[in-house]
Every structure is written in structure tokens, then in C-alpha cells.
Amino acid sequence: MPELPEVESVVRSLRDGCPSLIGARVRSVNLVWPGVVSSTSDCFDEELLEGCRFASIGRVGKFLLFGLKNSRGRSLCLAVHLRMTGRLFLVPEREAVERHTRLALMLDDGLALRFDDPRKFGRVWLIDDPSAVTGGMGPDALAVGFEEFASRLTRYRRQIKPLLLDQSFVAGIGNIYADESLYRAGIHPCTISADLAPDAVRRLHAAIATVLSEAVEAQGANIDGVFKAGSFVVSVYGREGASCRICGTAISKIRVGQRGTHFCGHCQNNCSTSTT
DNA sequence: CACTCTACCTGTGCGC
DNA sequence: TGCGCACAGGTAGAGT
């Protein structure tokens, strides 16, 4: 499941890989499944995409943002969200469309940019201004400083796990890295954000930065038999019943805010300031 | 306003 | 073996 580190890996491979997408021109568009275009995309149009050149590739949270320039000099943004099962990659043009391909952009150098998504959750946007998709988002989870993180945390009285998943709080954290960060910080996922002791807030901020940057370095997570993007090894996610690597306690799985949540009941005790 | 819940999807893996 | 069903999860939008 692509989260910030996996999306960053896609950015790097498309931007810095060989061949790079930068400079490539869109020759034609194959919108295999029209539902892939988001209902909030204001100007998706195959004809508008045709002839565009890729000028930049970036990321905000889990959104991939492609800066485009058409032949008349108009700047556009192609935004892509991979959601759960989306994949975006360059292939030789003859492999442009396969079973789960939702969108393929034929390029002018014998390549195609292909968007596959078996579960049809992923979406694309063609917009003039990227803030149309990123506007409501909080600061990027890899870039947020401690002071801003701490002041935003105490602004809410919510369980910390669902808050971490809220993209308007910080952008880029999904279910896997929320569980991993809370484990690394030794914080129970149900702790109320505003009740976190100052030291716990500091540990959480550091844990998020460490976990995400390690995962970026590893080019994403490797979750045994379920998901493989890179080589980042998880400590709690998907390890229900297995031993905590620190204390040996069996990893628990509960539901918090409708999400499967994995944690160590021994290492992640209550970190609230209350004395209950 | 602040927060919670559901719909959207389909491949996988489990139990019967 | 084969069938059916629950489950996984990010976000928009509806609900409380």
C-alpha cells in the first residue's frame, strides 16, 4: 500500500531513472477506464494532455504531481493518487495496456507511462493549480518541524492513530507507517492527542521522521507475502500474534477508527499526562 | 465546528 | 475440491 515512502520512490524512479520521464512528450492518451479521472478534476481532457511535455515531477503527501507544459506554453498539473493498489511506471509502448491498466500515456520515444490499479481506488486529476488537490493538506510528514507538529497535535482531542492518518493534520502517513511510528515512539494508538506528555510528543515527531526516512532509503516497505515495494522491514504492521522484537510480547491487533491497528501492549503503554 | 462513519473496489485467504 | 464470504484500506462526502 503506497504511502509517503513508496510514492517518493516512484517520484525518484520516474524523475531520476533511465529513461527519465522529464522532457518526454505525450503523443496520445488511452483512457482505458474513465472512472480513474477524479470527479474533482476540473479539466481532464485527452486533447489537452496530448502534446504536453513533462517538466517536473514531485510529491506532496501521497499525491504525485507532474508539472506539464503544452505546446502553447500553458502550464498544467497531472496529479495521481495511487491509493491502495495503484502502480505507475514506464514500459515499452507495446506493453502499454494490460489487464488492470486504467490509463496509459503514449510518449514520443517508444515508451508509455502506465497506471495500473486492480481495485480501482486510485485517481488522476488534470488541473491548472496543484493546490486544487493539495490545498486542504497539512504539512508533509517528512518535512514538518517539531514546533509546528507539537502545536498542531495539542489542537485536537482525538485518538492519536486516526489523527496521524488525517491528511489535513500531516500529509503522507498511512496505516502502515502510523502503526510503525507509534511503536517506535512507544505510544499507545488510542492515546488522546492533547493528552500526550511533552516527551511523548517529542518521541513521536522523531519516530515519524526516522521511520519515514528509513523507509524512503529502503525504497518502501516489504511486508511479508502481502506487499513488496522496497526493503523496509516492519515491526508491528501485519505481525499480529508474532513476538515484539524488543520485549517478546505478542503483537496485538485491534480496531481504532475503523482501521486495523497493530501494537505491542508492553512497549506502547499509555503516554498521556493524566495519572489514570 | 469537530469528529465519526460509510461507500467505493476487487484480489486474497479463510472456513465449511 | 469448490464455494462463498469477510477482509484489507485512503479519501470524499454524508452523518452525528
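All values below come from the heavy atoms of this structure, side chains included, with hydrogens, waters and symmetry mates left out. Letters A, B, ... are given to chains in the order of the sequence lines, protein chains preceding strands, and every chain is numbered from 1.
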task = Return the value, rounded to whole Å, for the distance between atom NE2 of His81(A) and atom P of dC9(B).
result =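 Checked: the NE2 to P distance equals 17 Å.
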query = How many Å lie between CZ on Arg259(A) and C1' on dC5(B), as a whole number?
reply =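 Going from Arg259(A) (CZ) to dC5(B) (C1'), I get 10 Å.
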ask   = What orientation do Phe149(A) and Phe169(A) show, parallel under 30°, tilted 30 to 60°, or perpendicular over 60°?
value =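 The rings of Phe149(A) and Phe169(A) sit tilted, inter-plane angle from 30° to 60°.
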Using a heavy-atom cut-off of 4.0 Å across all strands, would you classify [X] as base, sugar-phosphate, or nothing?
X	result
Gly260(A)	sugar-phosphate
Arg102(A)	nothing
Phe63(A)	nothing

message = Under a plain distance cut-off of 3.5 Å, with no hydrogens placed, do Asn222(A) and Ser231(A) share a side-chain donor-acceptor pair?
response =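 No, Asn222(A) and Ser231(A) have no side-chain donor paired with an acceptor closer than 3.5 Å.
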task = Using distance alone, with no hydrogens and no angle criterion, decide if His100(A) and Asp116(A) have a side-chain donor and acceptor under 3.5 Å apart.
result =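 Judged by distance alone, the side chains do not pair up.
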task = Can you measure from CG (Asp109(A)) to CZ (Arg25(A)) and round to the nearest 0.5 angstrom?
result =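 So the CG of Asp109(A) and the CZ of Arg25(A) are separated by 10.0 Å.
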ask   = Quick check: are there more than 12 heavy atoms from other residues, nucleotides or ligands sitting under 6.0 Å from CZ of Arg152(A)?
value =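 Buried by this count: over 12 neighbours within 6.0 Å.
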More than 12 heavy atoms of other groups within 6.0 Å of Glu217(A) CD =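 Incorrect, the count does not exceed 12.
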query = Can you check whether Lys228(A)'s main-chain N or O pairs, donor with acceptor, with Glu6(A)'s side chain at less than 3.5 Å?
reply =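 Side chain of Glu6(A) to backbone of Lys228(A): no pair is present.
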message = Under 6.0 Å from the ring centre and within 45 degrees of the ring axis: does the NZ or CZ of Arg87(A) meet both conditions for the six-membered ring of Phe89(A)?
response =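 Because its charged atom sits under 6.0 Å from the ring centre and within 45° of the axis, Arg87(A) does stack over Phe89(A).
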query = What are the bounds, 5' to 3', of the part of DNA chain C that sits under 4.0 Å from heavy atoms of chain A?
reply =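 Listing 5' to 3', DNA chain C meets chain A from dA8(C) to dT11(C).
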message = Applying ring-ring contact (aromatic ring centres under 6.0 Å, His included) to Tyr177(A) and Tyr183(A), what does each step give before you reach the verdict?
response = CA-CA 10 Å; Tyr177(A) 295 105; Tyr183(A) 172 75; over 10 Å; no
task = Decide, yes or no, whether a salt bridge links Arg114(A) with Glu93(A) under the criterion of side-chain N to carboxylate O below 4.0 Å.
result =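 Result for this pair is no, no salt bridge flagged.
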request  = Give a yes or no on whether a salt bridge exists between Arg12(A) and Glu8(A), defined as a side-chain N under 4.0 angstrom from a carboxylate O.
outcome  =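 Yes, Arg12(A) and Glu8(A) are salt-bridged.
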task = Answer yes or no: does a side-chain N or O of His100(A) lie under 4.0 Å from OP1 or OP2 of dG11(B)?
result =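 True: His100(A) side-chain N/O within range (under 4.0 Å) of dG11(B) OP1/OP2.
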ask   = Residues from residues 113-127 of chain A sitting under 4.0 Å of DNA chain B, heavy atoms only?
value =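 Heavy-atom contacts with DNA chain B come from Pro118(A), Arg119(A), Lys120(A), Phe121(A).
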request  = Check each residue of residues 149-171 of chain A for a non-hydrogen atom within less than 4.0 Å of any atom in DNA chain B, then write out the ones that pass by number, or none.
outcome  =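 Result for residues 149-171 of chain A: Tyr156(A), Arg157(A), Arg158(A), sorted by number.
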